[in-house]
Amino acid sequence: MAREYPLERYRNFGIMAHIDAGKTTTTERILYYTGKSHKIGEVHDGAATMDWMVQEQERGITITSAATTTFWERTEDGSTALSPKYRFNIIDTPGHVDFTIEVERSLAVLDGAVCVLDANAGVEPQTETVWRQADRYKVPRIVFVNKMDKIGADFFNCVRMIKDRTGATPAPIQLPIGSENQLEGHIDLITMKEWVWAGEDLGATWEVREIRDSLRPLAEEWRGKLIEIAVEMDDAAMEGYLEGKEPDMDTLRKLIRKGVLTLSFMPVLCGSAFKNKGVQPMLNAVVDFLPSPLDVPPYMGFAPGDETETRNIERSADDAQPFSGLAFKIMNDPYMGTLTFTRIYSGTLSKGDSFLNSTKGKRERVGRMVMMHANKQDEITEAFAGDIVALAGLKETTTGDTVCDPNKPVVLETMTFPDPVIEIAVEPKSKADQEKMSVGLQRLAAEDPSFRVETNFESGQTIMKGMGELHLDILIDRLRREFKVEANIGQPQVAYREKIGRAAEIDFTHKKQSGGTGQFARIKLTFEPLEAGSGFQFVSAIVGGAVPKEYIPGVQ
Ligand code: GDP
């Protein structure tokens, strides 16, 4: 069977954001406009949705890292299809600091990202954390300034904050038309047209028209800035520009694409997911500017057991290449059992195939394979490079494992998981609870490498260790709901970790009691050895969680 979509028409991307910036709403709208979800707000129904766990809905956070496949036809005016369909695999990246590890593993398998900002709050501390992680994985990004309809929305302030807080170069390719409850749409600085959403039809229709006279000078000014940044990408374009020639529309798009792929700058777009304004052009920007799997550098690979022998995996549309992939998320499906979400980097995988888990040195066989859509799961028989599939029936494979052709074994660059920083004791109420608890804990630990279970030898108590209070809360909640365990829960305790290796890390959690509720700050300091071997030099500090006021200078 041949692949349906050429690899250059794949976009594997994530939506990253600070909690509450509107990631869930934006994702819902994307799934709505790409036609895979029946009605706005229905994305939460059914098993194959982005936010499928009860806790997430109650707490309003996203902790799972599923992937959803959907399709988009790039449109310019809402009616004419200008290009063939693109295949989107949207990889969910959680936004809460306690689950940055989940963010890391999704970042390892995506090729690009849309960073959603709250137009009022701009670049928030958590955005900075996620941003740094994306920098580390060299993830090309576009920025969507969401909530332009909200009181206090300030697009230009967000643009400034991107520059000041992250050091990246923001390149607005749109300007808002109006803001707060006067938000109409935006000016597209590439086509120099207005996009206006007028109807109450959930954003289904919009009008593309000439820029109104009152906004023309501002649009000209910002188009000038955009061109100035873009022509840096190409000598010929720069020469032309210096001679007074502006790049045409196609050239400008190509220059921006180059800027994104080389992480030289980040296009900034705007709108309101909630008010259905600006989502479709953002999807066009995903097509225009985010990489296909062919645009990213080869994936680093090694011979199993020998890190000195590199076996990098070239990005290639040649399906005859040996199969390789990375398992990045384990989930339990009520009907299919354990599902192992796997990104395929090269070759093909067919139902019934047996392959090597080169991380563990074990053979595995694919029972069933499914492709997750917003409102359904498609059972498939063959998957290709670029695809993200959920494999059922695997016995040995866990998050971070490489899967590959047994005749061409390779181990992909492994993901590292930090040690847990908070622990809590749990005591089942009865013997029956004890049994249910061990099954539950085993299952949860298999799904989540940042969660550990230990027994305290002195007290005989079971100790759950995780990345933060909320992380443990959610796991305890799941023990109660999914495994019907009744248990007494102790007070969270702080775990302290110090690791002096080639680079030294001190990772500790500060706990402050305030009115009965614990507040945690997680602080990670990194040091590098000095050349002379005489000591260590401070490199960076990462602070996460709820930081007590006295930690922040100038705050009373
Ligand atoms: P997440 O935590 O990033 O997934 O954020 P959600 O999508 O759950 O949104 C958080 C809150 O902001 C919800 O109450 C949304 O209804 C609201 N919200 C999301 N997008 C917009 C927007 O464009 N405008 C306004 N005014 N509110 C929004």
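Both backbone and side-chain heavy atoms feed into the values below; hydrogens, waters and symmetry mates do not. Here the structure is a predicted model, which means the values were calculated and not measured. When a ligand or atom number is given, it counts from 1 through the structure's own listing order.
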- Task: For D149, counting its heavy atoms only, list the atoms of ligand 1 lying under 4.0 Å from any of them.
- Result: 22 (C), 23 (O), 24 (N), 25 (C), 26 (N)

- Message: When you compare the side chain of I177 with that of E194, does any pair of heavy atoms fall below 4.5 Å?
- Response: yes

- Query: Hey, are Y10 and D111 close enough side-chain-wise for a donor-acceptor pair under 3.5 Å?
  - Reply: no

- Ligand-side contact atoms (ligand 1) for residue partner K23, heavy atom cut-off under 4.0 Å: 1 (P), 3 (O), 4 (O), 5 (O), 7 (O)

- Query: What part of H18 sits under 4.0 Å from ligand 1 if we count only heavy atoms: the side chain, the backbone, both or neither?
  - Reply: backbone

Listed pairs under 3.5 Å, donor-acceptor, residues 286-293 side chains, sequence neighbours left out:
unit_1	atom_1	unit_2	atom_2	d
D288	OD1	R74	NE	2.7
D288	OD2	R74	NE	3.2
D288	OD2	R74	NH2	2.6
D288	OD2	R253	NE	3.4
S292	OG	L294	N	3.0
S292	OG	D295	OD2	3.3

- Query: N/O of G271 under 3.5 Å from N/O of ligand 1, yes or no?
  - Reply: no

- Task: Could you tell me whether some N/O pair between K275 and ligand 1 is separated by less than 3.5 angstrom?
- Result: no

- Item | Validation row: L226, I173 side chains within 4.5 angstrom (heavy atoms) | yes

- Under 3.5 Å between some N or O of ligand 1 and some N or O of T26? no

- Query: Contact between A17 and ligand 1, counting heavy atoms under 4.0 Å?
  - Reply: no

- Sequence neighbours excluded, every pair satisfying side-chain hydrogen bond (donor to acceptor under 3.5 Å, both in side chains) that has a member inside residues 155-165: none

- Task: Between T25, D20, T24, flag the one that comes closest to atom 15 (C) of ligand 1 by a heavy atom.
- Result: T25

- Query: For ligand 1, which atoms, with element, lie under 4.0 Å from some heavy atom of S272?
  - Reply: 22 (C), 23 (O), 24 (N)

- Item | Distance-only side-chain donor-acceptor flag, T342 / T340, under 3.5 Å | no

- Query: Less than 3.5 Å between some nitrogen or oxygen of M148 and one of ligand 1, yes or no?
  - Reply: no

- Task: Number the atoms of ligand 1 from 1 as they appear, then name those within less than 4.0 Å of a heavy atom of A273, with their elements.
- Result: 23 (O)

- Answer yes or no: does an N/O atom from I19 fall short of 3.5 Å to an N/O atom of ligand 1? no

- Task: Mark up the atoms of ligand 1 that fall under 4.0 Å of a heavy atom belonging to G22, in ascending order.
- Result: 1 (P), 3 (O), 5 (O), 6 (P), 7 (O), 9 (O), 19 (C)

- Task: For the residue pair F156 and W222, categorise the inter-ring angle as parallel (less than 30°), tilted (30 to 60°) or perpendicular (more than 60°).
- Result: tilted

